[in-house]
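Residue numbers start from 1 in every chain, and the chains themselves are labelled A, B, ... in the order their sequence lines are given, proteins ahead of strands. Being a predicted model, the structure only gives us computed values, none of them experimental.
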Number of protein chains: 2
Amino acid sequence: MPTKTYLNLPEEKRQKIEKAAIAEFATNPLQSASINAIVSKAGIAKGSFYQYFESIDDLHDHILTIVRKKKLEVINSLPLDSANLDTFRYLRRVLQAAVEFQIRYPDLASIERFQRLSANHLSSVDPETGERMGGDGRFHAFLTQGILHDDIATWVDVDMAAFMLEIIEGGIAPYLVERIGDKAPEFTSGNLLSVDDQRTQDLFDNLMDILEAGLARTPQIRKDFYSK
Amino acid sequence: MPTKTYLNLPEEKRQKIEKAAIAEFATNPLQSASINAIVSKAGIAKGSFYQYFESIDDLHDHILTIVRKKKLEVINSLPLDSANLDTFRYLRRVLQAAVEFQIRYPDLASIERFQRLSANHLSSVDPETGERMGGDGRFHAFLTQGILHDDIATWVDVDMAAFMLEIIEGGIAPYLVERIGDKAPEFTSGNLLSVDDQRTQDLFDNLMDILEAGLARTPQIRKDFYSK
DNA sequence: GTACAATGTGACCGTTCGGTCACACCATCT
DNA sequence: AGATGGTGTGACCGAACGGTCACATTGTAC
């Protein structure tokens, strides 16, 4: 945790430090990140660094909280069609948020990817039941809910499917952004959200069709639609 | 590329060096791997290292060729049901090879994962057509073939699906191995291949069902089978 | 034996690393 | 003015880094 001294710093200075740290952690995994490089880029003395943070891990943790905060912001900034989305619309929303995050904050997305690799959270343990769950539990709960709502096929191995969705969420965003291609700069300028772009939506449709056909209890396969 | 001197080294010495390098690269990404640590673990002088390799990248490249070679060995060691597998049996074989590789050579699998992260080969370019392909092209060709054989639905975005399969292949092996759990040690001893274990096969069945339902032209959804 | 080339070696170099600390600075008090 | 306490600073430390090189050792040819 950052020290009180750091938290009392003027916003401007804090941002300069965080910007430098983000740039460093986005290009170097924590193991090979350099404190010297960060303080140099931030324009502060090394002694100051140690008055703000206990160690580089401390700073990295702090940056990770920023990553999570910004990601939440992106998720909440997506337009909500209705109060209670059905299972697959919700999944689409989650994946869309990953893409939006990749576009708006590529550095933060990069940090998230590094973190995913180093923290091999193959499975976590449900604090209540004590059962093992694929991934961090978000998709596990999501799929369980989906089964209760008769959206997800009962034969699906929820544990494994949850893990699969997690690695898809974590890995496919950079690819989709590259596919979207030329449009990306417009998104970053903030004038246009990927959610409004037709090409992006077509890609998402296809991705969701594959996932839905694979997971759904009564899949709405688009074969006919596409073959027309 | 290693020097002639290295290639002429007695097998025993080469293996000691490669073993040390593999241990280092499995725990540290290339950026933060240490030559000093490698030569120390291998029991050779630092001067010798530079007579064998130009740099640490040179050594890393050499280790990567070993990774690829061993992975090919694993793929070929899997029993082949028939000369020409149908599309989804082939896909199952590829994913099974990834698991088998993870079990037999966890260090090499770890090196492969580090490499995947640093080399952001989101897409590659087909040297013939000049078209972009999701992933490195293997799954792209696989899916294209599948469509020709009427196995894969024509509406599937081959590019994206190829990338999706690639990240599934790259990410799911450690999870499946953890799921298999207690059986893993027996596999490493070589007495038992994962391909023979029932629990492993059940997991694979479920994974393949999801993928097949999502991708196939005429999916053989197992709903009925599981709900019995 | 001698000559010569190939290979092995670790002390040594300059650089960078994480981390410390004596000191400078400065706002706020009596 | 003087004292106090929080904040900023960069020279400095030992350790580790990648890389070099003069020299030792070994192998081969004669």
**Prompt:** Taking only N and O in the side chain of Tyr50(A), is any of them less than 4.0 Å away from OP1 or OP2 of dG8(D)?
**Reply:** no
**Request:** With heavy atoms under 4.0 Å as the rule, sort Ser34(B) into base, sugar-phosphate or nothing.
**Result:** sugar-phosphate
**Prompt:** Is there a donor in the side chain of Arg104(A) and an acceptor in the side chain of Ser77(A), or the other way round, less than 3.5 Å apart?
**Reply:** yes
**Prompt:** When all nucleic acid strands are considered with a 4.0 Å heavy-atom cut-off, which category describes Ala37(B): base, sugar-phosphate, or nothing?
**Reply:** nothing
**Along DNA chain C (nearest heavy atom to each residue), the more 5'-positioned of Phe49(B) and Ser48(A)** = Phe49(B)
**Request:** Report yes if at least one side-chain N or O of Thr5(B) is closer than 4.0 Å to OP1 or OP2 of dA6(C); otherwise report no.
**Result:** no
**Request:** Could you tell me whether the phosphate oxygens of dT7(D), OP1 or OP2, come under 4.0 Å of any side-chain nitrogen or oxygen in Tyr6(A)?
**Result:** no
**Request:** Determine: side-chain N/O of Lys13(B) to OP1/OP2 of dG8(C), distance under 4.0 Å, yes or no.
**Result:** yes
**Prompt:** So, is Asn36(A) close to the dT16(C) phosphate, meaning a side-chain N or O under 4.0 Å from OP1 or OP2?
**Reply:** no
**Asked** So what does Leu9(A) hit on the nucleic acid, given a heavy-atom distance under 4.0 Å: a base, only sugar-phosphate, or nothing?
**Response** sugar-phosphate
**Prompt:** Which of these passes side chain to side chain donor-acceptor pair (under 3.5 Å) with Gln15(B): Lys19(B), Glu11(B), Lys13(B), Glu12(B)?
**Reply:** Glu11(B)
**Item:** Spacing of Gln31(A) atom CD relative to dC17(C) atom P, expressed in whole Å
**Value:** 16 Å
**Distance-only side-chain donor-acceptor flag, Gln96(A) / Glu100(A), under 3.5 Å** = no
**Asked** When the distance from CD of Gln51(B) to P of dC23(D) is rounded to whole Å, what number comes out?
**Response** 17 Å
**Prompt:** Base, sugar-phosphate, or nothing for Tyr52(B), non-hydrogen atoms under 4.0 angstrom?
**Reply:** sugar-phosphate
**Whole angstrom value for the distance that separates P of dC23(C) from NZ of Lys46(A)** = 20 Å
**Asked** For Gln51(B), does its backbone N or O pair with a side-chain atom of Thr3(B) as donor and acceptor, under 3.5 Å?
**Response** yes
